[in-house]
Amino acid sequence: MAYCSARLRTRQTCSWVGRPLLDQKLHYQTYKEISVKREGYSTEIHIQVGQFVLIEGDDDENPYIAKVVELFEDASELYSKKRARVQWFIRFCEVPICKQHLLDRKPDTQEIFWYDNPTCDNNISVETIIGCVRVVALAPDEVMPIDLKNEKTFFVKLSWNKKKFKPLPPEVLAQLDKLQEDNHRYQKSMEAKTKSAESPSWTTTEHAVKRIESRHSTSKSRHTASHPVTPRARKRLELSNLGFPRTPNTRISQATSCASLDSPGRMKRKVAFSEIMSPSKRSLPDGSQTSSPALKTPEKTRDIQHSCTKDARKTSPDHGMILRTRVPALKATETSEERILTPTSRGRKSSVVPSVILKPEYIKRREGKEPEVRDEAPSTSRIRRKSSILTLNRIRQQLRFLGNSKSDQDDEEFLPAAEISDSDSEEEEASTTPLPRRTPNSMSRNLRSSMKSSLQTPSKTPKKTPQPRTPRDATPQIRSRNLPAQEPTNMLEEARLRLHVSAVPESLPCREQEFQDIYNFVESKLLDHTGGCMYISGVPGTGKTATVHEVICCLQQAAQANEVPPFQYIEVNGMKLTEPHQVYVQILQKLTGKRATANHAAELLAKRFRTQASSQETTVVLVDELDLLWTQKQDVMYNLFDWPTHKGARLVVLTIANTMDLPERIMMNRVSSRLGLTRMCFQPYTHSQLQQILLSRLRHVKAFEDDAVQLAARKVAALSGDARRCLDICRRATEICEFSCQKPGCPGLVTTAHLLEAIDEMFSSSYITAIKNSSILEQSFLRAILAEFRRSGLEEATFQQVYIQHVALCRMEGLPYPTMSETMAVCSRLGACRLLLVEPSRNDVLLRVRLNISQDDVLYALKEE
Amino acid sequence: MATHSNVLAWRIPWAEEPERLQSMGSQRVRHEISFVEMSSRKSKSSNLIQADYVSQVQRILRERFCHQSPHGNLFGVQVQYKHLIELLKRTAIHGESNSVLIIGPRGSGKTMLINHALKELMEVEGVSENILQVHLNGLLQINDKIALKEITRQLNLENVVGDKVFGSFAENLSFLLEALKKGDRTSSCPVIFILDEFDLFAHHKNQTLLYNLLDISQSAQTPVVIIGLTCRLDILELLEKRVKSRFSHRQIHLMNSFSFPQYLKIFKEQLSLPSIFPEKIFAEKWNENVQSLSEDRSVKEVLQKHFNVSKNLRSLHMLLMLALNRVTPSHPFITAADLMEANQLCSMDSKGNIVHGLSVLEICLIIAMKHLNDIYEEEPFNFQMVYNEFQKFVQRKAHSVYNFEKPVVMKVRFFSADRLIFVYFDCIYHSFTFISFETLDIIRNFIQNRHPPKKNSKNEMFE
């Protein structure tokens with residue numbers, strides 16, 4: 001990561017090597033070789049005509065591959081005068097999905113295709129070149145040589161002309177072969193040179209390595225730093241070094257390119273290329289990213305490589321191509337103003353709801369999108385575009401001149417952040433070795449999904465491979481019913497359906513103020529790109545969670561309509577966790593789809609929220625039942641409230657709990673202080689509010705008498721103000737009404753009588769009926785207890801005392817003499833239904849007995865008879 | 001031939017009535033065997049047939065008494081039954097989520113009610129393959145982890161995703177919640193959760209399972225109905241407030257709310273043979289006998305006494321079971337005497353029985369303890385004090401009781417410690433402080449004869 005951010009900062013300086021060859025026809029100077037030098041590094045990359053290079057694309061892990069055909073200086077280009085003309089190669093993952101099947105075999109990971117498309121713009125800026133790569137041409141029936149299977153080597157067998165795969169034309173093959181040999185020869189000679197006279201650039205490489213080592217105190221060599229840890233990775237690198245002739249320039253370029261490959265989330269927006277992802281494009285990989293975990297292909301046998309390519313296939317392929325053709329144009333439009341302000345709603349939407357399963361609409365949408373983009377690409381001729389670029393660049397320059405260009409600000413803002421992340425991330429990278437590639441922010445980055453998947457080739461350590469297709473990730477489903485559910489047939493059933501707590505009302509009445517407050521809070525945080533916490537309290541059933549859901553729903557709609565920036569929404573519930581630390585796991589999983597242990601997830605999240613890049617979207621986390629997250633050290637709460645305070649975290653935490661003074665009661669000072677004072681209390685509903693809720697649900701259904709509704713509302717408001725209770729009572733009342741109605745099919749309205757019955761059923765204490773229905777001995781035992789209490793003046797007696805009273809009572813009432821065993825059985829029966837509180841029966845006659853209800857209730861119940 | 005039939009007749013009581021052998025002395029069995037032998041000589045064939053009927057009757061009735069089979073009739077719970085069955089039908093047919101508690105004292109027929117309802121529900125056309133059942137018991141699923149595994153197993157979810165499901169507790173929970181969340185009202189198969197001993201689930205940590213189940217029942221997920229069975233009347237107070245808020249507060253109370261005439265009717269129904277009994281004549285006779293029994297005065301008395309002690313049907317079953325065990329081929333119908341004896345067995349005083357089996361020395365020790373208890377009201381005392389008291393007693397009546405060495409007395413204490421303690425408490429209430437000379441004489445006789453004390457001698461002691 002460090003390396004990458006360093007790259008982001010450094011400006012490349014390119015200088016021509018050798019003398020220019022003036023091309024008379026073209027009016028510009030061509031060169032044979034160019035050396036690209038980066039600030040901060042003493043290494044240089046030499047690029048010659050005929051070499052294969054990696055070129056930055058939207059996909060950092062899958063840079064484009066091309067062959068340099070020509071290097072020239074073009075004075076007409078305002079921005080970067082040093083241009084290169086290239087012959088493109090295309091990766092399989094860049095081929096449109098719909099066309100991928102044309103290749104009947106499974107492509108090799110390293111296989112690329114000669115891109116035979118004259119309409120494609122092949123004029124690029126030299127600065128976008130990342131480094132050199134090796135490409136080997138093979139005859140169509142040749143097998144991929146295994147000894148060359150490292151990621152720095154690609155194979156060409158076929159060409160792709162946007163319609164079908166064809167074998168390479170012989171002249172191209174010959175040309176490639178020749179080139180290859182040339183390269184070899186050249187490299188060999190260079191190698192020989194280096195060996196004979198300690199090549200200076202070789203030492204500089206070493207030097208560079210050392211420098212980096214010293215810079216990052218994590219005694220890791222540059223290679224290990226970029227190839228985090230895995231010894232295999234290092235070994236492979238060495239292997240590849242062996243495979244390559246040791247020419248200084250190839251070596252270095254190899255190192256850089258490999259580093260660039262290895263650092264997925266790093267080269268954020270180095271040049272126009274990666275930055276200008278137009279929103280529509282951006283959305284697309286995202287959609288596929290979200291889709292891919294949900295796809296759950298049953299074929300587990302599929303190797304990872306395949307799955308990766310599948311992922312990739314799903315994602316960008318031809319957009320990559322299109323993008324390439326449009327590069328200059330897009331680049332020109334790269335005013336960040338536009339970048340911020342013109343997100344198309346589609347793109348945003350998909351990024352807002354990342355956990356949505358890939359639905360048919362998604363695909364349709366994507367497909368619908370593709371053609372328009374494609375149409376655009378071929379039609380734009382180069383000349384026409386150039387002129388537009390020119391104008392745009394002019395505008396841009398003017399903006400710059402003014403000094404308050406937003407893009408400049410953006411740059412400035414960006415740089416320090418990168419610097420901070422530099423050292424941090426390096427450390428973290430060392431510490432989070434098991435999943436080095438899967439840095440939290442790289443995953444959520446919608447624009448990088450495709451490249452990531454394609455980078456994770458099997459030749460890399462298998463540890464890094466995504467595991468979305470393991471059975472553990474499969475989400476099972478309760479089997480669906482065979483018969484369709486019946487729809488309500490009469491008014492009462494309809495009413496019952498609407499009155500069910502689960503029925504989502506169109507709007508939440510009586511919570512307008514709370515809704516507005518929460519909405520404003522979250523919206524302001526979204527607009528300001530900041531983070532914050534909010535604490536929401538209220539007794540159960542006052543609509544806390546429902547209101548927050550409604551807010552999020554509205555905000556998501558607003559985000560679709562571009563009114564607020566898009567955000568990611570995550571919900572966790574303390575009660576749905578087995579243990580407080582599991583909250584990390586849940587958040588991480590919902591954020592990135594990854595699974596990790598609690599500790600590891602905490603680390604990853606901390607890293608994500610403490611060092612976040614500015615381009616990331618805000619995360620809104622709803623933590624329900626907060627009090628369950630209490631631990632001895634309160635570290636979970638601390639972290640949750642601490643992350644939003646970090647700069648650039650862009651995390652909004654909404655917490656919900658039942659108790660109003662929870663922060664004061666159970667939280668340490670440092671935790672409650674971080675929670676802040678943004679609090680909200682949901683008052684229990686009043687009777688008029690409850691009535692309104694009921695009426696709004698029953699709006700078009702005439703099933704209740706008005707008085708009945710009011711009665712229910714008043715009763716519940718007096719008891720608890722719990723809307724759930726109110727709905728349940730009414731639901732039960734409809735049932736009672738249906739039972740009591742004589743003629744089936746035409747039930748009358750629910751009256752107050754029905755409602756009273758329902759209320760009675762739900763709230764009346766059952767103790768008195770239980771006493772009334774108990775057996776005679778049980779009743780006399782209760783009497784004996786009362787007598788004993790009265791005698792002793794205490795509210796507690798031992799069994800033996802009660803037994804004496806009991807015997808006396810039985811004698812008085814003419815009941816047969818109760819034996820001790822019988823009486824004990826009676827006592828334990830009463831204890832089992834908790835009319836009495838009794839000690840465990842091992843205490844035998846000395847066990848203590850206490851009444852669980854008031855003496856008056858017992859007397860009342862016994863007197864009735 | 002004769003010997004062969006003898007063997008057969010001889011074997012039947014053994015083979016068919018193992019319980020009886022346990023409950024009765026071997027002497028009695030031997031007597032019966034000889035009785036069977038004698039009678040079989042008189043009329044072999046008829047007796048054999050009779051024996052066959054009797055064993056069939058016993059099998060049918062025992063099944064009825066022991067299993068909570070949903071075949072019998074329901075008594076006095078029609079309203080509750082209707083409520084429950086309507087609830088279940090709405091879930092099964094309309095996909096409405098619900099939660100309900102069935103509350104009633106032990107033996108009041110909660111499980112029978114739910115079994116009946118489920119049986120009827122399954123008979124509704126198209127429902128049986130449309131519904132999933134999960135049975136949990138608080139005594140078996142002692143924590144949420146086990147309960148989750150059990151739910152997953154009973155829902156056959158592990159088959160859906162292959163073998164590797166049972167990971168950690170947290171994974172299981174999210175797995176299950178995910179599974180239930182996927183569904184919706186109209187398309188998913190409804191799940192009936194039956195939580196027996198519901199109160200024990202409320203003691204699980206954080207009530208996570210209950211919260212989640214009830215939360216599902218209150219949200220638009222897979223339709224579920226959660227039925228809790230408990231005997232605790234204060235069950236709602238056990239629920240945490242957020243769990244309680246999610247519970248729909250439907251309660252079905254089973255209170256044994258029948259009077260004695262109804263109890264009598266139940267008694268009759270429980271003993272009557274069904275009309276499908278193969279031998280009509282025997283069944284008729286049996287039912288007539290039951291009818292006459294229910295009108296018998298002494299039977300009514302017995303039942304009234306039983307009814308006074310406890311109203312639940314399980315204890316009635318116990319009584320009838322004991323009476324039924326006395327039925328033999330030679331004694332094919334239950335008599336009032338059988339019921340009375342069964343009632344005596346039911347209402348036996350366990351501590352009195354223990355005292356009947358005590359040795360003289362143990363009795364003496366208890367008497368000593370009783371004396372001490374009178375002296376030091378409620379204060380605890382140690383062995384040495386008891387022994388000293390015993391010594392005093394022996395010295396006073398030197399001739400009557402053999403003076404045991406201290407180690408022997410100690411040994412008695414060790415071996416029968418628990419018995420003594422029980423008996424000790426018992427004696428307190430029977431308040432025997434005075435021991436007659438006659439009793440002591442009897443004790444001395446027993447010691448000299450090295451003969452175990454008999455029942456009646458003990459009884460005299462208490463007088």
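Bear in mind that the values here come from a model prediction, so they are computed numbers and not experimental data. Proteins come first, then strands; the chains are lettered A, B, ... in the order of their sequence lines, and each starts at number 1.
For the pair A:Arg595 and B:Glu171, the minimum side-chain heavy-atom distance is below 4.5 Å. Counting only heavy atoms from C-beta outward, the side chains of A:Glu579 and B:Phe169 never approach each other to under 4.5 Å. In this structure the side chain of A:Cys833 never reaches within 4.5 angstrom of the side chain of B:Arg232, judged on heavy atoms. Side chains of B:Gln251 and A:Met762 form no contact here, defined as non-hydrogen atoms less than 4.5 Å apart. Within the 4.5 Å cutoff, the side chain of B:Glu237 has no heavy atoms near those of the A:Arg834 side chain. Residues A:Ser502 and B:Gln218 fail the side-chain proximity criterion, which asks for heavy atoms closer than 4.5 Å. Counting only heavy atoms from C-beta outward, the side chains of B:Ser174 and A:Gln586 approach each other to under 4.5 Å. Using a 4.5 Å cut-off on side-chain heavy atoms (C-beta onward), A:Asn773 and B:Asn256 make no contact.
Residues B:His83 and A:Arg732 have side chains that bring a donor and an acceptor to within less than 3.5 angstrom of each other.
Qualifying side chain to side chain contact (heavy atoms under 4.5 Å, CB included) partners for B:Ser217, counting only residues two or more places apart in sequence or in other chains: B:Ser97, B:Ser99, B:Leu214, B:Val224, B:Ile226.
The part of A:Leu628 that comes within reach of chain B is its side chain, from C-beta onward, which places non-hydrogen atoms under 4.5 angstrom from that chain. Only the side chain of B:Leu173 comes within contact range of chain A, with heavy atoms under 4.5 Å apart. Only the side chain of B:Lys305 comes within contact range of chain A, judged by heavy atoms closer than 4.5 Å. Residue A:Leu497 touches chain B through its side chain alone, counting heavy-atom pairs closer than 4.5 Å. In this structure, chain B has no heavy atom under 4.5 Å from any part of A:Leu830. Proximity to chain A (any heavy atom under 4.5 Å) is restricted, for B:Lys244, to the backbone atoms N, CA, C and O.
Under the 4.0 Å criterion applied to side-chain N and carboxylate O atoms, B:Arg242 and A:Asp627 are assigned as salt-bridge partners. Under a 4.0 Å N-O distance rule, the pair B:Asp215/A:Lys576 qualifies as a salt bridge. Between A:Glu738 and B:Arg90 there is no salt bridge, since no side-chain nitrogen of the basic residue lies less than 4.0 Å from a carboxylate oxygen of the acidic one.
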- Query: Should A:Asn573 and B:Tyr211 be marked as a side-chain hydrogen bond (donor to acceptor under 3.5 Å, both in side chains) after you check the CA-CA gap, both sets of side-chain angles, and the distance that decides it?
  - Reply: CA-CA 11 Å; A:Asn573 188 323; B:Tyr211 177 92; 3.2 Å; yes
- Message: Would B:Asn308 and A:Ser775 count as a side-chain hydrogen bond (donor to acceptor under 3.5 Å, both in side chains) here? Give the steps.
- Response: CA-CA 5 Å; B:Asn308 284 351; A:Ser775 71; over 6 Å; no
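Between the side chain of B:Ser248 and the backbone N or O of A:Asp728, no donor-acceptor pair lies under 3.5 Å.
To the nearest 0.5 angstrom, B:Leu236 atom CG is 8.5 Å from A:Ser766 atom OG. The distance from the NE2 atom of A:His500 to the NE2 atom of B:His94 is 12.5 Å, given to the nearest 0.5 Å.
What you find for B:Val243 and A:Met575 is that their closest heavy atoms are CG2-CE, 4.0 Å. The minimum heavy-atom distance between B:Ser245 and A:Gly541, with the atom names listed, is OG-N, 3.9 Å.
Identified under the salt bridge (Lys or Arg N to Asp or Glu O under 4.0 Å) test for residues 820-831 of chain A, with sequence neighbours left out: A:Glu778-A:Arg829.
Top candidate by heavy-atom pairs under 4.5 Å with chain A, chosen from B:Leu87, B:Thr208, B:Ile131, is B:Thr208. Taking A:Glu493, A:Met824, A:Glu735 one by one and counting their heavy-atom pairs under 4.5 Å with chain B, the maximum is reached by A:Glu735.
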